[in-house]
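The structure under discussion appears below in the form of C-alpha cells.
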Amino acid sequence: MDYSAAIRERLPSLWRADGLGELMGKLESYLPESELPGILDAYEAASAAHDGQQRLSGDDYISHPIAVARILADLHLDPGSIKAALLHDVLEDTPCTLDDINGRFGEDVALLVDGVSKLDKLRFDSAVEAQAESFRKMLLAMVQDLRVILVKLADRTHNMRTIEHLPAPKRRRIAKETLEIYAPIANRLGMYSLKVELEDLGFRAFTPFRYRVLNRALRRSRGSQRQFLRRIVSNLNKRIAERGIEARLVAREKRLYSIYSKMRRKHIPLSEIVDVFGVRIVVADIDTCYRMLGLVHELYKPMPGRFKDYISIPRVNGYQSLHTTLFGPRSMPLEVQIRTEEMDEVAEQGIAAHWQYKAVDKLTHGAEARAREWLQNLMEMQQASNSEEFLETVKADLFPDKVYVFTPKGDIMRLPRGATAVDFAYAVHTDIGNRCKAAKIARREVPLNTTLNNGDTVEIVTARSARPNPNWVNFVTTGKARNAIRAYLKNLRREEARELGKRLLSQALRPYALNLRRLRKAQRGRLIEELGISAMDEVYEQVGLGERLAPVVAGMLAQQLGEEDDARVEKKPLEIAGTEGLLVTYAGCCHPIPGDGIVGYMSSGRGVIIHRDKCHNVAKFREQPAKWIPVDWRQGISGEFQSEIRVRTLNRVGLLADVAGRISATFSNIRHVSVESADDESMLLFRLNVRDRRHLAQVMRSIRTNPEVVRVSRTPA
Ligand code: MN
C-alpha cells in the first residue's frame with residue numbers, strides 16, 4: 001500500500017501539525033519509503049514531549065522542530081539528521097532524557113541531540129561563561145559527528161527567521177552571536193546559502209535601521225542593474241552558443257550584508273558598490289572551465305591582478321571556482337565565477353553536500369576532510385585555553401581571509417591574512433615555532449615579525465638554544481601560535497617562579513639560622529601537610545609568584561622546629577643580578593637602574609617588582625608592609641637597564657639629531673623619543689638603555705655640553 005496514504009489513514013491528526021505535511025512531502029522526494037516511519041516516530045516523540053508548549057509567536061512549539069527539519073530536508077540530508085532536528089529541543093525544555101532518545105532512536109541520533117543542547121546555565125557564574133562552555137561542548141560533539149553543526153545551523157536559521165517575537169535586548173544578543181559565530185561557521189564549512197541567509201537576518205536584527213536604509217537604497221538601484229545584467233548574459237550566451245559549449249548562466253545579485261561589510265571594511269559609499277555585477281557560469285567539467293575563461297576574456301577585457309584560480313588551490317572550506325573581473329559594457333566591473341556543477345553544489349551547500357542521502361563523491365570528501373582538519377586544529381587550541389579565550393580564538397579563526405605561502409619544499413600553507421613568519425613556523429610544527437631563530441623569504445633574511453604575502457617561499461632557521469620571545473604574542477595572528485607561545489611562557493614562568501621562590505625562602509630562613517637544603521624530609525613533610533599542598537615545588541612556586549609570603553612560610557618552619565626564639569632580627573636584602581627572567585621586573589613608573597636605592601614589591605601572581613625607594617608608588621603601597629622585601633643590586637652587576645630623561649632645549653634645526661648623537665656617543669641605546677615643541681623651546685623625552693647611575697650621569701653630562709640645551713633631568717627625578 002502507498003506509504004503516505006497508509007500514514008494518513010492511521011494518524012489523521014499528524015497532518016494537522018504545522019508544516020508536517022510539507023516536511024514529509026520533501027522527504028518523500030529523496031528518501032526511500034522505508035525510512036519514513038522512523039521519522040514519523042521521531043515526530044511523535046517530539047510532539048508528545050512538547051505537548052502544551054508554545055513559542056513566543058503563539059504557535060505550537062512543535063512547529064519549530066518541524067521547520068528546522070524542513071531546512072535540512074531542503075539540503076537532502078540523511079534520516080538521522082532529520083530525526084535529530086525533530087528532537088533537538090526535547091532535552092532542554094521537556095522531561096524527555098538522553099536515555100529515552102538513545103533507547104528509542106539509537107546512539108547516532110542521541111549524540112546529535114545532545115550535541116546541540118546547551119549546558120544548564122545555572123552551573124555557571126556568568127552568561128558569557130555558560131555560552132562559551134556550551135560552545136566548547138558543541139564543538140566536541142562536532143568532532144564526533146559533523147552533522148551536529150548542520151542541525152545547530154538549521155535551528156539558528158529558523159530562530160533568526162522568527163526573531164521578531166523576542167524582546168529587543170535578546171534579539172540583539174542572538175543576532176550578534178549569529179554574525180560573529182554561526183554565519184562564519186557556515187562560511188567556514190562552505191554552506192553558502194545558509195551563510196547568506198544568516199548574515200542578512202543577523203544584519204536586520206542587529207542594526208535594523210541601517211538595514212532598512214540600505215535595503216531601500218538598493219531596491220531603487222536594482223531595476224537598472226537587472227536590465228544591465230540581462231544584456232551581459234545574453235551577450236555571453238550568444239558567444240557560448242557559437243562555440244557549441246554547454247553552460248548554465250546565473251546572474252548574481254549582491255547580498256545586503258556583503259555590501260554592508262564591504263562599505264565598512266573599505267570605507268566607501270554605497271554608490272561605489274552597487275555597480276558591481278556578477279555572473280556565474282556553470283559548465284560540465286574542469287577542462288571546460290578554463291576554456292570558458294578564455295572565452296570571457298576575449299569578450300570583455302580582464303582587470304589585471306583580479307584572476308584567482310580556486311580550482312587548483314581550493315579555499316580552506318573546499319570551495320572551488322575560477323574568479324575573474326572584467327571591464328563590462330560602459331567599463332562597469334563585471335565579476336565572473338566559472339565552475340562545474342559539482343563545484344557549484346559544494347559551493348552552495350559545502351559540508352552539507354557530504355551528508356546528503358547517498359552522496360558519495362570526491363569533491364565532498366575534500367570538503368569533509370578540510371572541515372575535519374579545521375576541527376582538529378580547534379581541538380588543539382581548546383586544550384591550551386579557557387573557554388572564553390577559546391571562543392575569541394575561534395571567532396578570529398573564522399574570518400578566512402587567507403594568504404598562501406610555500407615551504408622550501410614547495411608545499412602550500414594556508415594562513416590568515418596578516419600572518420607573520422612566526423605564525424608560519426608554528427603552522428609547520430609547534431617545535432619549529434618554539435625553536436625558530438630567524439626567517440628567510442626568497443632566501444633573504446627578514447625579521448620574524450614580517451607579514452607574509454601570497455606566494456612567498458618561507459624558510460625558518462631554527463636553533464636548539466632558541467626560545468619563544470614573549471613579545472611575539474603582540475604580533476602573531478594565528479590562534480595556534482598565540483596559544484603555543486602562551487603555553488610555553490606559562491611553563492617558563494612556573495620554573496622562574498620556583499627559582500625565585502627558593503631564593504626568597506632561603507633568604508627568609510637566614511635569620512633563623514636555617515638552611516633550606518639541610519631541611520630533613522620529615523620537616524618538609526610537615527610543612528607540606530600544614531600548607532595543604534602536595535610538594536615543596538608548589539611552595540616555591542607560590543612564594544615566587546607572591547601568592548604566599550616567604551617570611552610567613554619561614555616563620556612556620558621555624559616554629560615547627562622550635563627555633564623561633566633564636567631568630568635574630570636581621571634582614572639581608574635579596575640580591576638582584578639584573579639577568580633574572582620574567583619574575584623580576586623593573587617598575588615602569590620609576591625605571592630603577594643599578595646605583596639607585598631600591599625596594600621589592602611582591603605582586604600577587606607576578607613575582608617581585610623592583611621600584612626606586614623614592615618612587616611615589618612605594619609610598620602608596622606602604623600600608624602593606626608584608627609585601628615589601630629588602631632588595632639590593634648584586635656587586636659588579638652588568639646589563640642594560642631602561643631609564644628616561646627629559647631634555648629642555650631652545651628651538652633649533654638639527655638639535656634633536658645633535659642630542660641623539662651625543663647619547664649614542666656615550667654608548668647608550670635610544671629606545672624611544674618624543675618631542676613637544678612650544679614657541680621657542682622644545683621638550684625632548686628619551687627612553688634609553690644604560691648600565692647604571694654612573695653611565696646615566698655621563699650621558700646627561702655629555703648632553704649638557706651643548707649650549708642650546710637648557711636643562712637635562714631624569715624622570716621621575
Ligand atoms: Mn531550537
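Ligands are counted one by one from 1 in listed order, and the atoms in each one are counted from 1 as well.
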Query raised in the report: Taking all atoms of both residues into account, what is the closest heavy-atom pair of P95 and D100, and its distance?
Result: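 Smallest interatomic distance, heavy atoms only, reads O-OD2, 4.5 Å.
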Query raised in the report: What is the number of protein N/O/S atoms located under 2.8 Å from the Mn ion (ligand 1)?
Result: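 The number of such protein atoms is 4.
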Report task. Using the test ring pair (Phe, Tyr, Trp, His ring centres under 6.0 Å), find all partners of Y61 that sit at least two apart in sequence or belong to another chain. Result ->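 Ring pair (Phe, Tyr, Trp, His ring centres under 6.0 Å) check on Y61 returns H50, H64.
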Query raised in the report: Can you name the residues that form a side-chain hydrogen bond (donor to acceptor under 3.5 Å, both in side chains) with T162, not counting sequence neighbours?
Result: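 Only R55 meet the side-chain hydrogen bond (donor to acceptor under 3.5 Å, both in side chains) criterion with T162.
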Requested in this report: Would you check if there is a donor-acceptor pair between the side chains of D60 and S63 at a distance under 3.5 Å?
Outcome: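 Per modelled atom types, S63 and D60 side chains form no pair under 3.5 Å.
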Requested in this report: Mind checking the NZ-OG1 spacing from K195 to T157? Nearest 0.5 Å is all I need.
Outcome: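 That separation rounds to 13.5 Å.
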Return all side-chain donor-acceptor pairs below 3.5 angstrom for residues 207-214, not counting sequence neighbours, or 'none' if the list is empty.
residue: T207; atom: OG1; partner: F203; partner atom: O; Å: 3.3
residue: R210; atom: NH1; partner: Y260; partner atom: OH; Å: 2.5

